[in-house]
Every structure is written in C-alpha cells, then in structure tokens.
Amino acid sequence: MTNLRYIPGVVSLEFKSDACVGCGLCTQVCPRGVFVLENGKASVKDIDACSECAACVTNCVRGAIRLRPARGTTASVIHDWLRRAGLRKAGSWQDQLHSK
Amino acid sequence: MDVNEKQNGLDEEYREPDSLVEGAYCLIDARASIWGEEPGQGPHSRPSFGPGHRPGFKICHFVREFVSTPVGDVPRIKTYWTARDYACTALARLGLVRNSYKVVPGLYCAGFPDKHAPVLVVANHKLMFDLLRRELAGIDAWILVIDTEGVDVWRASWRKFFSTKELVRVVRASRLRELVSHRQIIVPQSAATGVGARKVKGECGFDVVFGPMRFSDLQAYFENGMEATPQMRAATFTLSERAMHVPVHLHLLTKQFILSALLLLVLSGIGPDILSFARSWSRFQSAFAALFVGTLSGGVLLPLLLPIVPGVRFAVKGICVGLPLAFLLLLLGGAGLTPFESVALVALTLSASSYSAMEFAKLTPFASKTGIDRETRCALPWQIAGFGAFAVLWCMARFGA
C-alpha cells in the first residue's frame with residue numbers, strides 16, 4: 001500500500017531515539033510501515049507514509065513519539081480564516097469545537 | 001399400555017440411552033418418534049424455551065445456543081451469515097441503519113473454546129461483529145465485545161474508537177481471569193489508536209496482542225502461530241474498500257450540494273427578464289447538470305479510480321477527473337450555450353469536482369491530517385474562486401454578454 005502517497009514533508013511526527021527501548025510496539029501497530037526495528041531500537045523508515053493515526057503515540061511506553069496534527073477539517077480552516085479576519089473571536093465556542 | 005411392548009415397528013426393547021457411554025450428542029427421546037404416547041394423540045409438544053430465555057429478552061438470530069461456563073452462560077454464536085445479515089450489511093454500508101446496529105457488549109464464544117482458547121476483542125458495531133464471526137469457522141475462541149459508543153463506520157473515519165478504559169471495564173466485568181488460564185487478549189490492529197497495550201496490562205493484567213488489520217487475515221494469522229506478517233499489518237485501500245466509502249462520502253457532501261443547488265437557483269433567475277420562469281428554469285437545469293457531474297466525478301469516479309488518477313493532492317486529482325467529464329457534458333448538452341455560459345459551466349464542474357475530491361482525502365487511510373489541512377488552505381480559495389467565476393459569467397451571459 002505504500003504506492004498510495006500523500007503530500008511529502010508535512011507530517012508532524014517526532015521520534016526521540018534516546019527514549020526508545022526497542023519494544024517494537026510501534027512497528028506492530030503502525031498501519032503504514034513508518035517504523036522499523038533495527039539494532040534493538042526503532043527508527044523512522046518512511047516518515048511521509050505516516051497518516052497521523054497516533055497508534056504509535058498511544059502505545060509507546062516511553063513517550064518517545066510525538067504527533068501534533070492539524071485538525072484536518074474544512075470547517076476548521078474556514079473558522080480559522082474568519083478568526084484571522086476578526087469575524088470570530090479567539091476562544092469562541094467554535095474554537096473549542098475545532099481545537100483538539 | 002406398557003411402552004416396552006412392540007409399537008409402531010420398533011422391534012427392540014426401549015431403554016433410555018446412556019449419554020456417557022453412547023455419546024449422545026443430543027439426547028433423543030425415542031418416544032418422541034412415536035406419535036403420542038398414547039394412540040390417537042398428536043405430536044408430543046416440547047417446551048420451546050430453555051436456558052438463555054428470560055422474560056422480556058429475545059435471543060439474537062446469530063446465537064446458536066448457550067454454553068455453561070465458570071463465569072455463567074455464554075452465547076455460542078454462528079460463524080456464518082444468513083440472508084438477514086447480508087441484507088443488514090448492505091443497509092449499514094449505505095448508512096440506512098446506524099444507531100441501532102449494535103451488539104450487546106460482553107462475552108460470547110465461537111466453536112468450543114476451553115480455558116486455553118484465545119480471546120478476541122471486537123467493537124460492538126454489528127457489522128464489525130459479523131465480519132469477525134464470519135472468519136471464525138472452525139476456530140474455538142472467546143469473543144469479548146466492547147462498547148465503542150459512537151463508533152459507526154459512518155462517522156468521520158474508519159477508525160474504531162476503542163478506548164483503554166472501556167476494554168478494561170469489560171475484561172473485569174466478564175470475569176475473564178476466571179474463564180481463561182492464559183493472560184492474553186487479541187485486539188484488532190486498527191484499535192491501536194485508542195488502546196494502549198501497556199496501560200491495559202497495568203490495569204487488568206492482560207497482555208494485549210495486536211491482531212491483523214483485517215479480519216479476513218485471522219485464519220492465516222492463527223496458522224502462522226499468531227505472528228502477523230507485514231502484509232497483515234499494512235492498511236490497504238483496494239477497489240472494493242474505496243467503493244464502500246462512496247456512500248459515506250456522498251452523504252458528507254449533501255449539505256454543500258444542496259446549498260450550492262439553491263445558489264444556482266438564485267443565480268439562474270437573475271437576468272433582465274426576471275418574469276421569464278421557463279428561461280430561468282432551463283438555465284438552472286444546465287447549471288445543476290454541471291454541479292451534478294462535478295460532484296459525481298469527485299464523489300464517485302475519483303474514489304474508484306484513485307490509484308490511476310495523476311496528482312498527489314486530491315484537489316488536483318479532482319480536476320484531472322473533472323476535466324474530461326466537463327467537456328463530455330458540453331459535447332452532449334452544450335448545443336444552445338453561448339461561449340460565456342460554456343466556460344461558466346466548465347468552471348462550475350471543475351470546482352465541484354475538485355472540492356468533492358478534496359473531501360474524500362479525509363476518508364482515506366493514508367492521508368495525514370496536517371497534509372489535508374495544508375491542501376484545504378491552498379485549494380479551497382481556488383474552488384471558491386471557480387464558483388465565483390461561474391456565478392459572474394453565468395449572470396453576465398444572461399445580460400447579453
């Protein structure tokens with residue numbers, strides 16, 4: 001399935017190799033084959049394949065993986081534009097609705 | 001009358017079969033084959049209720065029988081689909097049954113599991129449950145159904161929102177520790193976004209093993225000694241999977257489609273001769289046809305043809321699919337249109353197609369949310385501009401431009 005690719009260079013995945021203990025859970029739960037286990041530690045093999053599903057974040061015991069994806073909805077983009085234009089206040093109920 | 005006398009052709013003396021020695025799979029009372037215990041009576045009526053029947057409750061059609069276990073009666077389920085399951089699956093995929101399409105959370109079993117049998121965890125959405133049990137023919141396993149409230153394949157994505165908390169609750173409530181001697185539960189890989197393996201172990205003592213991504217790989221997974229190959233772990237997006245997403249995709253576009261259609265109605269009516277309803281209506285029909293074709297190309301064609309459509313961004317893919325369709329539309333129905341109107345319709349078709357295609361990205365298993373956000377910020381202004389260009393040209397054409 002790696003033949004289906006999306007925009008490269010945008011994924012917000014951060015992996016701290018020092019914190020990794022090599023349990024391999026990230027390689028098991030990742031549906032896109034982002035991680036690979038080598039020399040007793042995980043490493044990011046293919047970051048642009050990441051779909052930001054956060055399965056690795058949930059399962060990493062040491063918290064070595066961080067993900068800060070955008071909201072990803074058209075409504076949140078429009079709301080952001082309206083907020084910048086001053087037509088919606090920051091911290092309004094739409095912000096709460098659209099924030100993580 | 002002495003029942004040991006020869007009756008109705010039975011030559012041997014009747015005796016009660018010994019269930020242990022004779023291995024009575026199900027106890028057949030020989031007298032039941034004789035019409036009535038006394039001549040002249042009809043068939044002997046049997047009680048039609050048994051264990052598992054409780055006042056006010058009905059037994060689900062997929063339950064075969066109830067099994068007595070150390071933790072209580074557990075329903076043994078059928079591992080095949082009946083016509084009813086096929087029909088309801090079709091309805092569920094089309095989104096016609098949603099909130100009620102659930103299974104009660106708790107413990108079930110398939111086959112004849114014992115305390116060493118594996119425990120499979122599944123969401124309580126009935127379609128997921130059916131997809132699992134269909135793969136369990138010949139397998140002895142316990143099935144733990146957990147309440148994944150709000151999980152509906154018709155919500156934003158296909159992820160099954162298991163939560164660690166709910167899984168732990170059901171493990172405790174079903175008294176799994178007393179039922180099985182091992183301490184392992186198999187959770188579908190797609191639940192990994194919500195289920196943290198180490199956290200579950202800490203809270204209820206069970207090791208979470210992530211099974212394959214698709215239930216159809218379960219048999220191979222077990223045969224492989226519960227080792228998942230990389231193919232089993234990878235998310236796929238085959239033609240049939242893409243086709244299954246089309247009804248959801250179209251449903252999510254409904255609001256925008258209706259609003260756009262209303263806007264077209266208004267725009268088609270604007271002109272020097274506002275009293276000419278017939279003219280306005282025929283213009284609306286042309287505009288609506290363009291909107292429809294654009295939505296169809298981005299909503300149906302693009303998902304089906306996804307791997308072969310050029311472009312990385314979905315908005316671009318939408319243009320690629322929409323362009324030939326727009327020209328086809330003009331070829332077939334553009335006889336009486338002025339050049340301005342033709343250009344306007346192409347702009348409308350392309351922006352509708354691009355927008356519909358962009359929305360489909362959210363339903364794919366490979367598009368990152370950050371990428372979708374970037375693409376939307378980039379493409380949406382163009383799509384709005386395209387619609388604006390249509391509006392301007394459409395109205396200008398009416399005024400004799």
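First the proteins, then the strands, lettered A, B, ... as listed; each starts at 1.
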Heavy-atom donor-acceptor pair, [X] side chain to [Y] backbone, under 3.5 Å:
{"X": "E241(B)", "Y": "T238(B)", "value": "yes"}
{"X": "E52(A)", "Y": "S12(A)", "value": "yes"}
{"X": "T164(B)", "Y": "G196(B)", "value": "yes"}
{"X": "N59(A)", "Y": "A55(A)", "value": "yes"}
{"X": "R71(A)", "Y": "S76(A)", "value": "no"}

Pairs where residues 294-303 of chain B contributes a residue and the test side chain to side chain donor-acceptor pair (under 3.5 Å) is met, not counting sequence neighbours
S297(B)-S353(B)

Does any heavy atom of chain A fall under 4.5 Å from the side chain of [X], the backbone, both, or neither of them?
{"X": "R233(B)", "result": "both"}
{"X": "V208(B)", "result": "neither"}
{"X": "E359(B)", "result": "side chain"}
{"X": "A228(B)", "result": "neither"}

N/O donor-acceptor pairs under 3.5 Å from side chains in residues 16-29 of chain A, not counting sequence neighbours:
from	atom 1	to	atom 2	distance (Å)
T27(A)	OG1	G24(A)	O	2.5

Which atom names give the shortest non-hydrogen contact between P303(B) and H249(B), and what distance separates them?
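So the minimum-distance heavy-atom pair works out to CG-CD2, 4.2 Å.
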
Restricting to pairs with a member in residues 202-214 of chain B, which pass salt bridge (charged side-chain N to carboxylate O under 4.0 Å, His left out), not counting sequence neighbours?
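Of all non-adjacent pairs touching residues 202-214 of chain B, those that pass salt bridge (charged side-chain N to carboxylate O under 4.0 Å, His left out) are K201(B)-D207(B), R214(B)-D217(B).
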
What part of [X] lies closer than 4.5 angstrom to a heavy atom of chain B: side chain, backbone, both or neither?
{"X": "C56(A)", "answer": "neither"}
{"X": "D80(A)", "answer": "side chain"}
{"X": "L13(A)", "answer": "neither"}

Residues in residues 378-390 of chain B near chain A [non-hydrogen atoms, under 4.5 Å]
L380(B), P381(B)

When V11(A), V61(A), V57(A), T74(A) are compared by non-hydrogen pairs under 4.5 Å with chain B, the top option
T74(A)

